[in-house]
Amino acid sequence: FVFYFEKRVKRTIREYEMVKKGERIGVALSGGKDSLATLYLMNEVCKSMRAKLIAISVDEGIAGYRGALLKNARALCRKLKVKHEVFSFKKEIGKSMDEVAKIERRGGIGRSLKLRGAEPPAVRREAACTYCGVFRRWILNKAARELKLDKLATGHNLDDVAQTTLMNVMRNEPFRLARFGASGGIIESKEFVPRVKPLFRIPEKEVAQYAILTGLPVKFSECPYASEAFRGRVRKFVNEIEEEYPGTKFKIMRSFLVLKKGLASIYKKGELGELKKCERCFEPSSAKLCKCCELKEGMKKKN
Ligand code: SF4
């Protein structure tokens, strides 16, 4: 199992040229099984390609959750002798994720009101994951650029690809689908460090088995905010369908690859508008304010 698992991942890395000789490669290391397996495999590949490997972790500040995972991330980096950089929401954004969630829920209304059929609050409440995802991407891209990385590998697996495909269809966000993928995005800019996903063809269950069999320091825990996420509902749905119709996740991924080709050509023709710089943080953005600064601004109003 371990041999075939590694063979499939390495084939994906070769096929999409995720590592080239002498490059500087980053791995976004959350400390979960997917990112640990990605680091472990990328370390082997980078060694053989004489590429430099650096792990980047983001501490969102989620009490009782991220700390233990970061401990495992540090342990693996020490074992593999990989340089490890840790960035925190508190330092980079000004607030921990727990503080962000508190602001978001202030007033004690929101979900419970909705469930009782009352009017939703005037200010639209964002799920914690919306903030978390935007802030993490902002930090990772900035850190990867400052560390002069050529690529940044993430631990997205087949389940993530199937869920993301359906979520973007359900939200009618085809541009997000266009920029998602195994390797790189649709906008080529030196401001964006291209992302690569070596595990994108591997089901989540197999990543978990691989992590256990190879003795990676894994801890299976769930973020306390995960239940708020739309992704959680989609994950449940996809898993149920997969149970009844095995192979569905692969089929969604294959459909996505076909759709992406068409979408990439549409958006390359300029449908996304010009890439600008956020007037506040100077990070790349398609609007005056980037999504990170927009959310920070919204938080100020709710605070
Ligand atoms: Fe962040 Fe949501 Fe993931 Fe928790 S589940 S770490 S809040 S994106």
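On a predicted model such as this, the values are computed, not experimentally measured, just so you know. One-based numbering, in listed order, for ligands and for the atoms of each.
Listed by number with element, the atoms of ligand 1 under 4.0 angstrom from any heavy atom of Arg66 are 6 (S). The Cys132 neighbourhood of ligand 1 comprises atoms 1 (Fe), 6 (S), 7 (S), 8 (S), with distances under 4.0 Å to a heavy atom of that residue.
Given atom 4 (Fe) of ligand 1, the protein heavy atom at minimum distance is Cys223 SG, 2.3 Å. Summary of contacts: the protein heavy atom closest to atom 3 (Fe) of ligand 1 is Arg136 NH2, 4.0 Å. Of the protein's non-hydrogen atoms, the one nearest atom 2 (Fe) of ligand 1 is Cys129 SG, 2.3 Å.
Between Lys249 atom NZ and Asn239 atom CG the span is 4.0 Å, to the nearest 0.5 Å.
A cation-pi contact, defined as under 6.0 Å to the ring centre and within 45° of the axis, links Lys197 to Phe180.
Arg8 has a carboxylate O that lies under 4.0 Å from a charged side-chain N of Glu206, or vice versa, which qualifies the two as a salt bridge. At a threshold of 4.0 Å, the pair Glu294-Lys291 counts as salt-bridged, since one of the basic side-chain nitrogens sits closer than that to a carboxylate oxygen. The residues Lys300 and Glu297 are annotated as salt-bridged, a charged nitrogen and a carboxylate oxygen being separated by less than 4.0 angstrom.
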